[in-house]
Every structure is written in C-alpha cells, then in structure tokens.
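Quick notes on the structure that follows.
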Amino acid sequence: MRRAGAGFVEEVARGSARFDGGDLELLQLPPGLSIAAAMPSIETDPAVEFAEPNWIYRHTSESNDTYYTNGSLWGMYGDQSSPASAYGSQAAEAWSRGQTCASSVYVGVIDEGVMISHPDLAANIGTNPGEIAGDGIDNDGNGYVDDMNGWDFAGNNNTVYDGTQDDHGTHVTGTIGAVGGNGAGVAGVCWNVKILNAKFLGRNGGTTANAIKAIDYLTDLKARHGLNLVATNNSWGGGGYSKALQDAIERANQMNILFIAAAGNSSVNNDTSPHYPSSYTNVNVIAVASITSTGALSSFSNYGATSVDLAAPGSGIWSTVPGRKTPSYAAYSGTSMATPHVTGAAAMYASAHPGATAGQIKAAILGSVVPTASLSGKTVTGGRLNVSGF
Ligand code: CA
Ligand code: CA
C-alpha cells in the first residue's frame with residue numbers, strides 16, 4: 001500500500017483454512033494512478049498473491065414495453081399443458097403431477113433488492129433461522145445484525161428492499177418462486193420455496209467486493225447454520241476476470257451450492273469473448289442463454305458452444321415488480337429472465353430429490369434438455385430447459 005500510495009478501505013474476505021489463502025482487501029488508489037500501473041507495482045511484493053480491479057457489474061435485462069397487456073406466462077407452459085407452449089420450461093407439466101417444490105428448500109437471489117412484501121412473493125420469502133428480528137443483536141454471529149431476509153451489501157444494512165428501483169431483483173424472484181395457485185398474478189417455477197436476498201446491485205450497479213460478500217454471506221449460512229440452500233441466482237454481469245470472485249464461487253461449490261448465471265445480453269459468443277460471472281469454469285456454474293416463445297435464440301442473447309450450458313425462456317417474461325403505486329406485474333426480456341427459470345428448476349429437483357448434490361442437480365438439468373435447432377452449436381447441451389420429468 002505504501003509503495004502505491006494506496007489507502008485501506010475494507011477487508012472483503014478474511015484468510016483462513018476454509019477460504020484458502022490470505023486476506024482479501026479493498027484499496028483506494030491515489031488520484032492520477034491508474035489501476036493498470038498500480039497492479040504490477042503491488043504484485044511485486046512477495047506478500048501479495050495478486051491484485052486486480054474492483055469491477056462494476058450491472059444487471060442484464062431491459063424492461064419491455066409495459067403497456068403490453070397480454071399476461072401470458074409462456075415460460076411456464078408445457079407442450080401438454082393448457083395453454084401450451086412447446087418452448088416453455090414445462091413447469092406446468094411438473095405442477096400437474098403435484099411437483100410444486102418444497103418450502104424446506106432455499107435459494108439465494110444475488111441481485112438488487114426484492115420487494116419482500118409483494119403479495120405474490122411474501123409467503124415464499126425465507127427468514128434466517130438463526131436471527132431474531134429487531135433486537136439489534138447479531139444472534140447468529142455472522143457479522144450482520146438482524147439479517148432476517150438477507151442483507152443489503154450495497155447499502156450495508158438489513159433492509160433488502162429500498163423501493164421501486166428494486167424491480168429487477170423483484171422480477172427474477174417471481175420467476176423462481178411467485179406463489180402459485182392463489183388465483184392472482186403469476187406463478188413461479190416453484191410455488192413453494194424459500195428465497196433469501198443478497199442485495200449488491202444498487203442504482204449504479206454493484207462491485208466485485210460486494211458480490212464476493214454477497215456470495216460468501218449465503219455460503220456461510222449453509223456452512224455454519226445448515227441452511228438447505230441449493231443455488232444462487234445471478235442475473236448480472238460485466239467487468240473482466242476476477243480471481244477473487246471466482247474463489248468465492250468455488251467456496252460456494254465446496255458447500256454444494258449451484259451458481260446459476262445469465263450468459264449476457266450482447267449477442268456475442270462467450271467462447272471467444274468471456275462474460276463474467278457466467279464464464280467462470282467452476283463446476284457449480286450453470287450459464288443460461290435466452291430463447292423466445294417460438295424457440296429462437298433471443299436476439300440479445302449471448303451464446304457459446306463450450307461456455308453456455310443451455311437456454312430457457314427469456315423474452316417477454318411476465319413476473320412480479322414493485323409498481324409505482326401498488327405491487328404489480330410486468331414483462332421484461334433478458335438472459336436475466338431466463339436464468340431464474342433454471343434456478344427454479346434446481347429448487348424443484350432438490351425438492352423431489354432431497355440430499356441431491358450440486359453436481360447431481362446440474363446433471364439432471366443439463367441431461368433433460370430438449371434438443372433445439374436454434375441452440376445447436378450455440379450451447380453445450382444444444383437444448384432448452386425441460387423440467388417435465390422433475
Ligand atoms: Ca446475523
Ligand atoms: Ca437497504
């Protein structure tokens with residue numbers, strides 16, 4: 001730090017046997033010193049393993065025309081359901097066999113905040129079993145006071161929902177687990193599930209440091225408190241490769257937590273232009289492209305024969321949003337919207353197969369895809385999500 005004239009900001013992760021290495025610290029460079037110039041100078045110190053930028057990430061969806069009034073949830077349909085869509089996730093066929101997931105299964109939404117009071121979400125918002133609400137005490141000793149439904153790493157407080165700007169996080173959550181069968185609004189892939197929110201995206205995006213803290217927060221809930229957390233949903237991306245972020249994903253892998261990530265919305269081949277975090281090669285990563293209701297690769301969707309695993313519905317996806325006056329619904333498009341269909345699928349498989357490992361859940365999801373012409377040579381599996389057999 002002295003050599004670069006850098007200031008200490010915070011400790012992002014502490015070195016330990018489990019965290020495999022030294023402390024990870026966030027530094028502030030002095031004005032006029034570029035990151036490119038500072039990194040080699042810092043890395044010459046034998047006490048430093050590596051130095052890298054604290055990237056800025058942004059969520060990966062674009063709002064659709066909200067005047068669109070057709071509430072068709074085609075992403076949930078099966079080819080045998082009514083209404084039907086051959087290109088839906090086939091969730092409706094699983095539902096028809098009573099497979100609507102188990103409320104004992106948790107998933108983490110790493111994103112913006114989630115409107116936990118939304119009437120179509122509230123019943124499926126998880127609570128931290130080790131914490132007591134509102135007593136001002138960190139009951140479970142995880143470093144976060146009164147983290148009942150997760151934590152806001154962007155604002156560093158326990159209020160995960162901060163207003164209508166938290167629409168993206170609220171939307172992806174509805175696709176995973178909006179309450180089904182209540183005669184109102186939408187249904188998620190899982191009608192019952194428990195969702196925790198690790199908020200790290202604010203109005204101006206989020207940083208590597210906060211993404212790492214969000215991932216480690218959820219990993220720790222499983223590692224030290226036995227929470228049955230099977231997957232995290234990561235509908236975000238940007239920046240370049242980060243060893244520190246990849247290390248955090250690996251810590252999740254060691255705890256059998258899938259890291260399900262959007263492939264990105266730049267219409268590019270991730271094999272040649274990696275998109276992070278979906279392009280990390282950790283075995284617990286599932287990278288998700290987007291298809292339309294007619295089975296085409298969505299025009300915006302990234303792809304990759306070796307780097308993107310499968311596709312799921314991501315164009316014109318209706319789900320929960322805060323709304324300007326009252327909790328509402330809207331159609332968004334993006335690989336951000338495809339990803340939570342897969343996260344819901346992971347929770348559904350885990351519900352039907354208690355004790356399944358992350359590897360088993362991933363194998364089931366990738367092994368059940370429907371071969372799809374538009375995805376041949378564009379994804380690892382060449383197919384689209386199909387949960388009809390879950
Ligand atoms: Ca706590
Ligand atoms: Ca907050």
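Order of listing sets the numbers, starting from 1, for every ligand and every atom in it. This is a predicted model, so every value here is computed, not measured.
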How about the Ca ion (ligand 1), which protein N, O or S atoms come within less than 3.0 Å? Glu131 OE1, Asp138 OD1, Asp140 OD1, Asn142 OD1, Tyr144 O, Asp147 OD1
Rounded to the nearest 0.5 Å, how far apart are NE2 of His275 and OG of Ser307? 10.5 Å
Pairs where residues 115-206 contributes a residue and the test disulfide (SG to SG under 2.5 Å) is met, not counting sequence neighbours: Cys101-Cys190
With a 6.0 Å cut-off on the ring centroids, do Tyr217 and Trp151 count as close? no
Can you pull the ring pair (Phe, Tyr, Trp, His ring centres under 6.0 Å) pairs that have at least one residue in residues 362-390, sequence neighbours excluded? Tyr349-Phe390
Side chain to side chain donor-acceptor pair (under 3.5 Å) involving Glu93 - partner list, sequence neighbours excluded: none
Can the ring centres of Phe200 and Trp236 be said to be less than 6.0 Å apart? yes
